[in-house]
Amino acid sequence: MNWDDTNDPAASAGQAGPAADRLVDSVADREDQAVEAALRPKDLGEFIGQEKVREQLDLVLRAARARGATADHVLLSGAPGLGKTTLSMIIAAEMGAPIRITSGPAIQHAGDLAAILSSLQEGEVLFLDEIHRMSRPAEEMLYMAMEDFRVDVIVGKGPGATAIPLELPPFTLVGATTRAGLLPPPLRDRFGFTAHMEFYGPAELERVVHRSAHLLDVGIEPDGAAEIAGRSRGTPRIANRLLRRVRDYAQVKADGVVTREIAAAALAVYEVDARGLDRLDRAVLEALLKLFGGGPVGLSTLAVAVGEERETVEEVAEPFLVREGLLARTPRGRVATPAAWTHLGLTPPRSAATGNGQQDLFGA
Ligand SMILES: Nc1ncnc2c1ncn2[C@@H]1O[C@H](COP(=O)(O)OP(=O)(O)OP(=O)(O)O)[C@@H](O)[C@H]1O
C-alpha cells in the first residue's frame, strides 16, 4: 500500500472544530488512525454487515478476476467510519493489486492528478477519498482517465499551450464520498459499480466489537459487547473507539474483562449514554425540552441556550438527533419528538401534546 502522506484523507477530513474531541465523532482522530490498520478486515469474508454491497462487490471482483481484467471503477458512498477505506483495501487485496490512497482536497490542480495517474502500475487501485471535494479541472481530467485510460497534459499557457496525450495503464478507481448527491452526473456515470453503505445494526456492531476485542486481546462478555454496540451510533469506527475506552476502564477499575456493568460504567464516565448521545447532544435536547417546552424554537435561540455556535448545533449535534427520531426540523423551528421526552425521562407538558406545531409528532 502506498499512502500519499501529504494527501492523508483522514487528516484532511476536518479534524478541527467542535466535533474534533468528541468520543462519538465518526471522523477518525490521530489515535484511530494509529490503531485502525490493525483492526481492518482483510478480505470480504471478514467484512461484517453490508450484505448487499458485499454480495454485489464479490460478483464484480470475481468476474474481473475470471476475465483476467482490471475491476470496474467503484463508487462508495456513506457516512464517515462505515468502512469505505477498508473496502477499498479489500478490493485491492482481492484483486492481488497494490493500492494508492489519496483524497479530493489534496488534488487541487490537474497536474497533481496527472502525477499520481502517470505513476500507477497496471491493475493498481487508486482510492480517492472525499472525491466530491476535488477541483473542477482535476475532475475533468479524471473523466478521460477513467474512460479511456488516457490524460491530456497541458504544457505551456495561453495560445501557445499544447496538449500532450499520455497513455495510462488500466487501473481501478475507488471513489469514496459522504455526499453522493454532490457528484456531477458525468463523474457518477463513469463508475461501473456504485454502493451505498448503510449504518450498521446492533447485531452487526456487536460482531465488530467482538472481533476487535479479540484482535486487541480484550476479554469481553456478550452483554458487554451489546452495551458498547448500542452506544456506537451505527458506526464501526465509534464502536472500536468506545471499546478502547472501556478496555482502559476495565483494566484500571476491574479485572480487565468487559461486562455489561463495566461497559455502562465506563461510558458513563465519558458521558456517552445508552443510546449513544453525548454531552452536547443531551444539552441540545435538554434545552429544547426544559427551556422551550419541546419547541418549536429557532436554531439561533437554541444555540444561544446551549452556549454553542449555530453551526455546531446544526452540523454536529442535530444530524444524529434527527436520525434517532429525537428532534425534528420544521419550518417553524426545532421540535422535540415524544421519544426525546421519554429518553430524558421527562413528562411533556400538556400543551406539548396539543399545540405549538408539535401536533403531528404527538399524533394529535
Ligand atoms: N464492516 C466492517 N467490519 C469490521 N470492521 C469495520 C467494518 N467497517 C469498518 N470497520 C472498522 O471501522 C474503522 C473505520 O473504517 P474505515 O476507515 O474504512 O471507514 P471510512 O468509511 O473509510 O471512514 P472515512 O470516511 O472517515 O474515511 C476501521 O478500523 C475498521 O476496522
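Ligands are counted one by one from 1 in listed order, and the atoms in each one are counted from 1 as well. What you are looking at is a predicted structure, and each value in this text was computed from that prediction instead of being measured.
Under 4.0 Å from ligand 1, heavy atoms of Pro80 appear from its side chain as well as its backbone. At a heavy-atom distance under 4.0 Å, no atom of Val27 approaches ligand 1. If you look at Asp129 next to ligand 1, the close heavy atoms, those under 4.0 Å, all belong to the side chain.
Because its NZ or CZ atom is not both nearer than 6.0 Å to the ring centre of Phe47 and within 45° of the ring axis, Arg54 does not count as a cation-pi partner of that residue.
In this structure, Lys42 places its NZ atom where more than 12 heavy-atom neighbours from other residues, nucleotides or ligands lie under 6.0 Å away. In Glu309, the CD atom is not crowded: 12 or fewer heavy atoms of neighbouring residues, nucleotides or ligands sit closer than 6.0 Å. The environment of Arg279 atom CZ is sparse: at most 12 non-hydrogen atoms of other residues, nucleotides or ligands sit within 6.0 angstrom.
Heavy-atom contacts of Tyr200 reach the following atoms of ligand 1: 1 (N), 2 (C), 7 (C), 8 (N) (cutoff under 4.0 Å). Close contacts of ligand 1 with Phe47, meaning ligand atoms under 4.0 Å from a residue heavy atom, involve 1 (N), 2 (C), 7 (C), 8 (N). The distance from ligand 1 to the heavy atoms of Thr86 drops below 4.0 Å at these ligand atoms: 15 (O), 16 (P), 18 (O), 28 (C), 30 (C). Close contacts of ligand 1 with Asn240, meaning ligand atoms under 4.0 Å from a residue heavy atom, involve 11 (C), 12 (O), 31 (O).
A heavy-atom separation below 4.0 Å is not found between Gly49 and ligand 1. Heavy atoms of Arg40 approach ligand 1 to within less than 4.0 angstrom.
Not one N or O of Pro236 is nearer than 3.5 Å to an N or O of ligand 1, by distance alone. For a threshold of 3.5 Å applied to N or O pairs, the pair formed by Thr178 and ligand 1 contains no separation below that value. Between Ser26 and ligand 1, no N or O atom pair is found at a separation short of 3.5 Å. Polar contact with ligand 1: present for Leu39 (N/O pair, distance under 3.5 Å). Here's the thing with Thr85: one of its N/O atoms is less than 3.5 angstrom from an N/O atom of ligand 1. Close N/O approach between Gly81 and ligand 1 is found [any backbone or side-chain N/O within under 3.5 Å].
Salt-bridge annotation for Glu46 and Arg211: present, with a side-chain N of the basic residue lying under 4.0 Å from a carboxylate O of the acidic one. A salt bridge between Glu94 and Arg65 is present, with a side-chain N of the basic residue lying under 4.0 Å from a carboxylate O of the acidic one. A salt bridge is absent between Arg207 and Glu204: the closest approach of a Lys/Arg side-chain nitrogen to an acidic carboxylate oxygen does not fall below 4.0 angstrom.
Of the candidates Leu76, Val209, Ile48, it is Ile48 that places a heavy atom closest to atom 2 (C) of ligand 1.
Taking CZ of Arg133 as the reference point, atom CD of Gln108 lies at 8.5 Å (rounded to 0.5 Å).
Looking at heavy atoms from C-beta onward, Arg188 lies in side-chain contact with Leu75 at the 4.5 angstrom threshold.
Residues Arg310 and Ser300 bring a donor and an acceptor atom of their side chains to less than 3.5 Å of each other.
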